[in-house]
Structures are given as structure tokens and as C-alpha cells.
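Below, chains carry the letters A, B, ... as their sequence lines are ordered, and counting in each starts from 1. Given the structure is predicted, the values throughout are model-derived calculations rather than measurements. Values reported hereafter were calculated over all heavy atoms of this structure, with side chains retained and with hydrogens, waters and symmetry mates removed.
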Protein chains: 2
Amino acid sequence: MTTTTEASVRERLLASAADITAESGWAAVTMSKVATRAGVSRQTVYNELGTKPALGQAMVLRELERFLAIVERELDAADDLVTAIRSATEHILVMAEGNPLLHALLASAHSVSRGNEPASNNELLPFLTTDAQPLIAAATAVIDERLDRFPDVDLGPHQRAVAIDAIVRLVLSHVMQPGSSPAATADDLAWIVARVLRG
Amino acid sequence: MTTTTEASVRERLLASAADITAESGWAAVTMSKVATRAGVSRQTVYNELGTKPALGQAMVLRELERFLAIVERELDAADDLVTAIRSATEHILVMAEGNPLLHALLASAHSVSRGNEPASNNELLPFLTTDAQPLIAAATAVIDERLDRFPDVDLGPHQRAVAIDAIVRLVLSHVMQPGSSPAATADDLAWIVARVLRG
DNA sequence: ACTTTACAGATTCTATGGTTTTGTAAACCT
DNA sequence: AGGTTTACAAAACCATAGAATCTGTAAAGT
């Protein structure tokens, strides 16, 4: 199949774009630089990802999937549901703390029109703030799937959805605006989840 | 006392700034326009509020206090704690839905470098997103005070603080990224609060 | 207490080219 | 096929410079 090669090229392209964004901001990302860094021609970028906004969206989506992969792994690892949520939350927060791309996006919120730097860093920030609904939906779906494995959830479908939505929003809130350490926050959120799920 | 007049001038200035921001964005706000609209000289703006960033901060703070006043009113009105939270949440979400200033700030997230419009609308957005900690702290403090009136809260100080922090973050999340109607969201959050507070 | 007037420095606007980047398309290679 | 090179028009960006505006401070006036 060509799938392996195809995914590999696309993966390398997105990784290159993420690197450049983390180093110099999204405005500094050009199709040429992405292509060069990935060892590929510029047109391959267009063939693979289309336009630059599409590249940005794919890059953010890829990073989201990296986070969601951790969530899936942690939710599958633990036996206890609350422990699973706690572990997934802590891993997400730790991962967020040390994620250069995420920090580049968040940093773009502050210095918007600073000096000679370009101002268009903010094209991607809405994915985390005002247009976070796709992100919330994706995370919600992942948790919803993995939650079937646990027997001690006796909530109706609506209440179940509400609870999942809440934990996703809370984690996202702490990603953008950390309260204390990831471990402490994970403890707190796990306590809330415990109270909500089996009140 | 001069306090009445002083507060009135300051109030008129902040209201003028909020109007201009709602109409044309924060970048279109100049000290002269604010002064003129408030029927006051430009220097009075400087005497009263100092610099323009200070004006922006005061303007946001004033809007926050308008929201928190609603929270206080609703928390004081109801007898049942869960009903109080539900009512406060719904009022906040309804108020947020129809708040022009808030929408001006949120809209600035999208069109950053659009056409000929100035790009510096984003100076105020971080107050709601990446620098929301003061906002969270203020809201948390308000709720914390009003919560003493309700006897059926048997949480330790830490758990109590965690619960309040969570409800504040959840409401803020829904202000920026509404899920469904204010009433439905208020129902859902009230249910969560009920489960958490008296699990 | 507020206004008017004045002022230097910074920032923004306008307008101009020159440059880069985007996005599409073809021909070519292997 | 998957990929590259080359080419190209349109758009976006950059640099420069002068005009206009805005900021922030100060003083004198009412």
C-alpha cells in the first residue's frame, strides 16, 4: 500500500510545521520552509495538505490527537474509573506544560502587535479558546467510547454526556490556565469526577 | 463628599469606552473619543484612569463586576443552594449572550489582521482566556462569601475551594463556548454542583 | 475639580515600490 | 502512480518616508 508512505510524508510535514511554529510562531511558517525541513518539494505540501490554513488546522488536529492518544492509553490502563480519569488528567497537564507548540499558540495571545514581529500568530489560538467546540467534541467522543469499559457508571445518557463534557472543559481550562501542579489538579478533578459519576 | 461625582465621572468614562469598544473594537478607542462621549476633557480621562492599558483593564473589570453583581443578587435570592447556583448560572449566560462588549472581545479573536482594520483588538482578550486567573479569583471570592449562608455544605475547606473553582471555570467555559441554551446549560451545571456539593 | 493649551515622542496612516508567498498548472522524472 | 522542477498570476507582505494622529505630561486658566 501507499498508505504508509503517504502517512509518513504527511506526518513529517506536520511535524516540520509544528517545529517552525514552536520556534518562530505560526506567521513564520511558509510552505517552502515546511517542505525544505521535511526534505520534500513545495508542491508536495500543497498536494498533501492543500492551503496554509488547512495545514494549520491539520497541525493543530495532529497535536490534539497526540493528546487524545495519551487519554486513550491511560483510560485503558487503569481498572478503576476514577483512577483512570486522574491519571489521564495528570498526563495531559504534564504534556501540556512541556509542549512547545501549545506554548507558541498560547504566547501568541499576548504580544499581538509587538515591534516588527508579524501579528498573524493568532490564527490558531481560537482552536483553543473561542472555537474550541470541535476540540471539545473530539475529546468528548474519545472519553465516551472508553467509558463503556467501566461498569460503575449508572448515569442516564444525558447526565453521562453532561459529566463528560464537564471534565473535558475543566481539563481544557486548566491547560490554558493552570491552577496548581498537574498532580494536585488531577487529584482535585478526579475527586469531582468521583462525586459526579457515583454520587 | 466628592466621591459621588468622582465615581460618576469614572463610570461615565468606562461606559463610553465600553460603548466604543462594542461598536468599533478596542483599537478604535482613543482617549479623545472617550472624553468627548463622556462630555469631559481628555485630561480628565488621564487624571481618572491613567494610561490607555489601565483604561482597558478598568473597563474589563467594570464589566466583570456587573456580572458578579448579578451572581451576588441571585445567590442571595434563592433559599436552596443548587437553585441559587442554577439561577446565577443562567443569568450569567443570558447576560453574556447579549453583551456587546463581551462579543467585541470574543470577535477580536478571529479577524486579527483582516483588511484595513487595526490588529490590536486582542489586548483585552487574554483577560478571558490565557490570563483569566484574576477573573477566576474574583468570581471564586464572590461565590465563596455567599456560600456561607447555606447550611448544607459539609465540605472541607480544600474540597470546597475545588468545587467553587470548578463551577467558575465551567461557567466561564460556557460563556466563551456555549454548548446549548443558557437554561439547559444552567440545569446541567446545577446538577453537577448538586452531585459535588452533597455527594 | 475641570478645562484649555502646549508640547515631545511614539504610534499609526497613506502611498509607493519591491519582494515574498500563495495557489494552480503544466511538463518531467523514476 | 508519487514526486519533482519550472513557470506563472494574484495576493500578501515588507520597507521606506512623510503626514497625521495619539499618547502622556505639564502648566496656566476658569
Seminar exercise, completed: L49(A) CG to dG23(C) P, in whole Å, measures 12 Å
Problem set entry | Residue T44(B), side-chain atoms from C-beta onward, closest of dC2(C), dT23(D), dT22(C) | dC2(C)
Exercise. Using 4.0 Å as the upper bound for N to carboxylate O, is an ion pair formed by R37(B) and E23(B)?
Worked result: yes
For this session: Grab the NZ-P distance between K52(A) and dT20(C) for me, whole Å please.
Result: 16 Å
Problem set entry | Interatomic distance where CD belongs to E48(B) and P belongs to dG24(D) [whole Å] | 16 Å
Exercise. Side-chain donor or acceptor of Q43(A) under 3.5 Å from a matching atom on the base of dT22(C)?
Worked result: no
Problem set entry | Nearest-angstrom distance from the residue atom CG of L55(A) to P of dT21(C) | 15 Å
Exercise. When you check the gap from the basic side-chain N to the acidic O, do R62(B) and E65(B) get nearer than 4.0 Å?
Worked result: no
Problem set entry | Atom pair distance, as rounded to whole Å: CD in E123(B) and P in dT23(D) | 11 Å
Seminar exercise, completed: N47(B) atom CG is separated from dT5(C) atom C1', nearest whole Å, by 15 Å
Problem set entry | Minimum-distance nucleotide to R42(B) side chain [options: dT3(C), dT22(C), dC7(C)] | dC7(C)
Exercise. Between E74(B) and R86(B), is there a side-chain N and carboxylate O pair less than 4.0 Å apart?
Worked result: no
For this session: Measure from CE on M31(A) to P on dC13(D) and round the result to the nearest Å.
Result: 14 Å
For this session: Check the distance between dG2(D)'s C1' and R10(A)'s CZ and give it to me in whole angstrom.
Result: 16 Å
Exercise. Is any side-chain N of the basic residue among D19(A) and R12(A) closer than 4.0 Å to the acidic one's carboxylate O?
Worked result: no
Exercise. Closest to the S41(B) side chain: dC7(C), dT24(C), dT4(C)?
Worked result: dT4(C)
